Amino acid sequence: MTRTRNIAILGATGSIGRSTLDVAARHPNRYRIVALTACRKVEELADLCSRHGAAYACIADVSLAPALERQLKALGAPTKVLAGAAGLLEVATLPEVDCVMAAIVGGAGLASTLAAARAGKKLLLANKEALVMAGPVFMETVRRHGSVLLPIDSEHNAVFQCLPPAFLAANFDNAGIRRILLTGSGGPFRSRARSDLRHVTPEEACAHPNWVMGKKISVDSATMMNKGLEVIEAHWLFGAKAHQIQVVVHPQSVIHSMVEYTDGSVIAQMGNPDMRTPIAQALAFPERIEAGVSSLDLFTTGSLTFEAPDFERFPALRLAYQALDENGTAPTILNAANEVAVAAFLERRLSFLHITAVIEETMQGIAATAMRSVEDVVAADSAARLRAAEIVRRLGAQVP
Ligand SMILES: NC(=O)c1ccc[n+]([C@@H]2O[C@H](COP(=O)([O-])OP(=O)(O)OC[C@H]3O[C@@H](n4cnc5c(N)ncnc54)[C@H](OP(=O)(O)O)[C@@H]3O)[C@@H](O)[C@H]2O)c1
């Protein structure tokens, strides 16, 4: 009989958090929700805790803890309230928790995700920014503390499924692998000229053709920085060098990625674009469970098409490869500048095309250094955020 697994979800009110709850709720004998977190969405968090019987709720914004207490009391939920950075760390390391879903968006998720790894938890990684900004430190923490790391990003989860069993950061070259083919839809502006993108709004950028996601990752998909972050993520997860990771634009989002072997075999993982598939795969690994995802109808899909990525129209992809090549804290700087620029774009303080301009100028202005510790990551991240904010203020004055 399968043992019930205790789950904590960091970022429960988000798109990945809710999909995780949906999958877990289909298997009440397998999964018990122990702890849920949010940043500011008090009502949603209280409602989720009440519905899923969570023992702990953590709200990252400390000032909202009393409101969360009141809300839970009104719902009659006996959930214990935690708050702030300390609360997130407590949730990530609760002794009774077996499995942590890391689904906070951005660098804000780094500390709690690392804490879960340090506590040796089974770690389901959606928070790609944490791995991008702290690659070697992150992977060393996972290794040293015996954490089981499973990728949730659909592309990396697909690669994981196409690789030999339990292959993570093993020796890529000795495993008979030639390269990873990382697919991406191309986002909402795939076929638009760069000059057409000057006046796009946050609403247009967030209207992804195939996936329903949070706002930050939706904008990243529109600039193709999401694919750039994923190239760096693939490097750390699978030990592939930059030239062994090929981005393939695949507008239908049916093939979620592929692995090419030295004998010429190319293995692809396919399915409808629904994040519940990778979430279920990782939750149940090495078993398989029902995820509520409909069957892939190949007759309706018709044809699958592929294009080379356009590095001129989407310079974010070029910048990500450049950061990977520079190594050290370069990806940390890239990620921090991107987060600052995307936030400014969503608040209409920066134009869409200026997002990559901010990243490029930040990377030029701050020299990457070696990354040996979390302190190196935090220092590079803070410096890049300050610099990027200055550039946003200057370029923001030119918002059309
Ligand atoms: N959505 C997808 O399909 C998808 C696919 C692959 C990978 N991912 C990755 O998964 C992560 C989550 O994406 P998402 O689309 O689910 O994002 P989302 O819908 O924006 O949800 C983000 C979650 O993080 C919480 N949060 C935001 N800022 C925080 C902070 N400063 N401190 C603590 N918690 C904070 C939010 O709480 P509030 O709701 O209270 O703001 C929410 O629970 C991202 O790293 C993304 O790249 C997402």
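As the structure lists them, so they are numbered: ligands from 1, and atoms in each ligand from 1. Small disclaimer: the values here were computed from a predicted structure and weren't measured.
- Less than 4.0 angstrom separates some heavy atom of A60 from each of these atoms of ligand 1: 32 (N), 33 (C).
- Residue R40 has at least one nitrogen or oxygen atom sitting less than 3.5 Å from a nitrogen or oxygen atom of ligand 1, judged on distance alone.
- At the top of the distance list for atom 16 (O) of ligand 1, counting protein heavy atoms only, stands I16 N, 2.9 Å.
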(request) For side chain to side chain contact (heavy atoms under 4.5 Å, CB included), just list the numbers for V200 and F189, CA-CA rounded to whole Å, side-chain angles, deciding distance to a tenth of an Å, and then say yes or no. (result) CA-CA 10 Å; V200 299; F189 306 138; 3.9 Å; yes

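- Taking atom 12 (C) of ligand 1 as the reference point, the nearest protein heavy-atom neighbour is A103 O, 3.3 Å.
- Look at K215 and E203 and you find no salt bridge, because none of the NZ, NE, NH1 or NH2 atoms lies under 4.0 Å from a carboxylate O.
- Using cut-offs of 30° and 60° on the angle between ring planes, the pair Y321 and F311 is tilted.
- At a threshold of 4.0 Å, the pair R18-D22 does not count as salt-bridged, since none of the basic side-chain nitrogens sits closer than that to a carboxylate oxygen.
- Protein heavy atom in closest approach to atom 19 (O) of ligand 1: S15 N, 2.9 Å.
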(message) Could you go through E390 and R385, starting from their C-alpha distance and side-chain angles, then the distance that decides it, and tell me whether this counts as salt bridge (charged side-chain N to carboxylate O under 4.0 Å, His left out)?
(response) CA-CA 9 Å; E390 281 167 22; R385 280 174 198 270; over 6 Å; no

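- Salt-bridge annotation for E312 and R318: absent, with no side-chain N of the basic residue lying under 4.0 Å from a carboxylate O of the acidic one.
- Nearest protein heavy-atom neighbour of atom 9 (C) of ligand 1: A126 O, 3.0 Å.
- Counting heavy atoms closer than 4.0 Å to ligand 1, residue E129 contributes side-chain atoms (C-beta onward) but none from N, CA, C or O.
- Of all atoms in ligand 1, listed by their number and element, those nearer than 4.0 Å to a heavy atom of G11 are 23 (C), 24 (O), 43 (O).
- Considering both main-chain and side-chain atoms, G14 comes within under 3.5 Å of ligand 1 through a nitrogen or oxygen pair.
- A salt bridge is absent between K122 and D98: the closest approach of a Lys/Arg side-chain nitrogen to an acidic carboxylate oxygen does not fall below 4.0 angstrom.
- Atom numbering of ligand 1 starts at 1 in the shown order; those under 4.0 Å from a heavy atom of A108 are 30 (C), 31 (N), 32 (N).
- The distance from the CD1 atom of I217 to the CD atom of E129 is 7.5 Å, given to the nearest 0.5 Å.
- In the vicinity of A38, heavy-atom distances shorter than 4.0 Å reach the ligand 1 atoms 37 (O), 40 (O).
- Under 4.0 Å is where a charged nitrogen must lie from a carboxylate oxygen, and between R143 and E140 at least one such pair does.
- Using a 4.0 Å cut-off between charged nitrogen and carboxylate oxygen, D220 and K227 do not count as a salt-bridge pair.
- With a 4.0 Å heavy-atom cut-off, ligand 1 is reached by the backbone of T13 and by its side chain too.
- For atom 41 (O) of ligand 1, the closest non-hydrogen atom on the protein side is C39 CB, 3.7 Å.
- The pair R190-E307 counts as a salt bridge, with a side-chain nitrogen and a carboxylate oxygen less than 4.0 angstrom apart.
- The protein non-hydrogen atom at the shortest distance from atom 15 (O) of ligand 1 is G214 N, 2.9 Å.
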(message) Could you go through H208 and S185, starting from their C-alpha distance and side-chain angles, then the distance that decides it, and tell me whether this counts as side chain to side chain donor-acceptor pair (under 3.5 Å)?
(response) CA-CA 9 Å; H208 195 279; S185 69; 3.1 Å; yes

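- Proximity of M213 to ligand 1, defined as any heavy-atom pair under 4.0 Å, is shared by backbone and side chain alike.
- Of the protein's heavy atoms, I217 CD1, 3.6 Å lies nearest to atom 8 (N) of ligand 1.
- Summarising the contacts of atom 3 (O) of ligand 1 with R18, M275, H208, the nearest heavy atom is found in M275.
- Annotation: D153 places no N or O atom under 3.5 Å from an N or O atom of ligand 1; distance criterion only.
- With a 4.0 Å cut-off on non-hydrogen atoms, A12 touches ligand 1 through its backbone and not its side chain.
- Here the protein heavy atom with the shortest distance to atom 22 (C) of ligand 1 is V105 CG1, 3.7 Å.
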